[in-house]
Amino acid sequence: MSKHTTYMPRRRGGFTLIELLVVVAIIALLISILLPSLNAARRNARAVTCGTNLRHVGTSVALYLADNASIFPASYIYANGPGGKYDLNDQPLDKRYGYLHWSYFLYQDGKVSDKAFTCPEFRLGGVPRTNPGSEGAHWEAAQVDDTGGGSPGSRQDFQAPFMAFTANAAIMPRNKF
């Protein structure tokens with residue numbers, strides 16, 4: 001009597017195509033559920049950064065007031081010479097040295113970083129200077145300076161490179177003293 005044994009091939013332990021597609025579909029579903037939550041968390045983180053920067057600006061304004069007999073910095077005044085020299089009684093008409101912005105009065109002595117004037121919600125952190133100077137990274141696309149030039153030039157305002165915040169003109173006066 002002979003015994004016949006049938007050969008059964010062993011099945012490999014891999015995934016079938018259907019199983020693989022089901023796993024990919026489940027992962028895609030989980031990502032689509034989590035993505036809005038991650039975007040909301042990113043928005044909240046940017047808002048916290050913006051609020052922190054604004055707090056630093058507020059603190060530096062308070063320090064400026066303490067150092068300057070409770071007088072706010074001017075919104076802007078024109079420089080009379082290189083290096084930010086100015087005279088409130090002699091504002092030049094040609095503006096060739098740029099202007100000193102209220103942000104400059106706060107960060108120039110190191111009380112706050114010029115990055116404190118930015119907010120990550122804005123592209124580039126905020127609006128660039130009117131006269132961004134010679135550094136191309138400080139220029140926005142299609143920007144024109146006050147001379148009508150649209151490319152990096154030599155005139156640079158004394159201001160934080162990008163501004164996300166503004167000052168109330170009733171508190172910080174313009175150069176019309």
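Side chains of P161 and H138 form a contact here, defined as non-hydrogen atoms less than 4.5 Å apart. At least one side-chain heavy atom of D90 sits under 4.5 Å from a side-chain heavy atom of N80. Side-chain contact between D67 and K111: present, with at least one pair of heavy atoms (C-beta onward) separated by less than 4.5 Å.
At a threshold of 4.5 Å between side-chain heavy atoms, the hydrophobic network of Ile, Leu, Val, Met, Phe, Trp and Tyr places F72 and F158 in one connected group. Hydrophobic clustering (side-chain heavy atoms under 4.5 Å, transitive across Ile, Leu, Val, Met, Phe, Trp, Tyr) keeps M172 apart from L63. At a threshold of 4.5 Å between side-chain heavy atoms, the hydrophobic network of Ile, Leu, Val, Met, Phe, Trp and Tyr places L30 and V22 in one connected group. Residues I171 and Y104 fall within the same hydrophobic cluster, defined by Ile, Leu, Val, Met, Phe, Trp and Tyr side chains chained together at heavy-atom separations under 4.5 Å. The hydrophobic cluster containing V127 does not contain Y76, counting ILVMFWY residues as joined when their side-chain heavy atoms lie under 4.5 angstrom apart, directly or transitively.
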Original post:
Given the rule in the side-chain contact (heavy atoms from CB on, under 4.5 Å) test, do T16 and L20 qualify, once you have shown the distances and angles that lead to the verdict?
Top reply: CA-CA 6 Å; T16 65; L20 190 60; over 6 Å; no
**OP:** Please report the C-alpha distance between L88 and I77 in whole Å, then the side-chain angles of each, then the deciding distance to 0.1 Å, and finally whether the side-chain contact (heavy atoms from CB on, under 4.5 Å) criterion is met.
**Re:** CA-CA 7 Å; L88 294 177; I77 54 177; 3.8 Å; yes
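Within the model, atoms CG of L38 and CD1 of I33 stand 12.0 Å from one another, a figure rounded to the nearest 0.5 Å. Taken from CG in D94 to OG1 in T147, the straight-line distance is 12.5 Å, to the nearest 0.5 Å. Taken to the nearest 0.5 Å, the CG atom of L93 stands 9.5 Å off from the CD atom of Q91. Atom OH of residue Y64 and atom CD of residue Q108 lie 8.5 Å apart, to the nearest 0.5 angstrom. Note that the CG atom of L17 and the CD atom of E19 stand 10.0 Å from one another [nearest 0.5 Å]. One distance of note links OG of S103 with CZ of R129; it measures 8.0 Å at 0.5 Å rounding.
Of the possible donor and acceptor atoms, none in the side chain of D145 sits under 3.5 Å from a partner among the backbone N and O of T130. Formation of a donor-acceptor pair under 3.5 Å by the N68 side chain with backbone atoms of I71 is not found in this model.
The shortest heavy-atom contact between P92 and A79 is CG-O, 3.2 Å. Residue W139 comes nearest to P132 through the heavy atom pair NE1-CB, 3.5 Å, listed as atom of the first residue, atom of the second, then distance. Shortest non-hydrogen contact noted between V61 and L106 is CG2-CD1, 3.6 Å. In plain terms, the two heavy atoms of S134 and P152 that are nearest each other are O-CB, 3.4 Å. Smallest separation of non-hydrogen atoms from A116 and V57: O-CG2, 3.5 Å. Nearest heavy-atom pair, M163 versus H101, reported as atom, atom and distance to 0.1 Å: CE-CE1, 3.5 Å.
With no hydrogens or angles considered, a side-chain donor-acceptor pair links Y99 and Q159 at under 3.5 Å. Side-chain N/O atoms of N131 and D157 include a donor and acceptor closer than 3.5 Å.
At most 12 heavy atoms of other shown residues, nucleotides or ligands fall within 6.0 angstrom of atom CZ in R96. For K95, the NZ atom is loosely surrounded, since the number of other residues' heavy atoms within 6.0 Å does not exceed 12.
Each of F162, W102, F165 was checked for a ring pair (Phe, Tyr, Trp, His ring centres under 6.0 Å) with F117, and the lone residue meeting it is W102.
Ion pairing between a basic and an acidic side chain is recognised when a charged N comes within 4.0 Å of a carboxylate O; E140 and R123 show such pairing. A salt bridge links R155 with D146; the closest basic N to acidic carboxylate O contact falls under 4.0 Å.
Taking the six-membered ring for Trp and the full ring otherwise, Y86 and F105 have centroids separated by under 6.0 Å.
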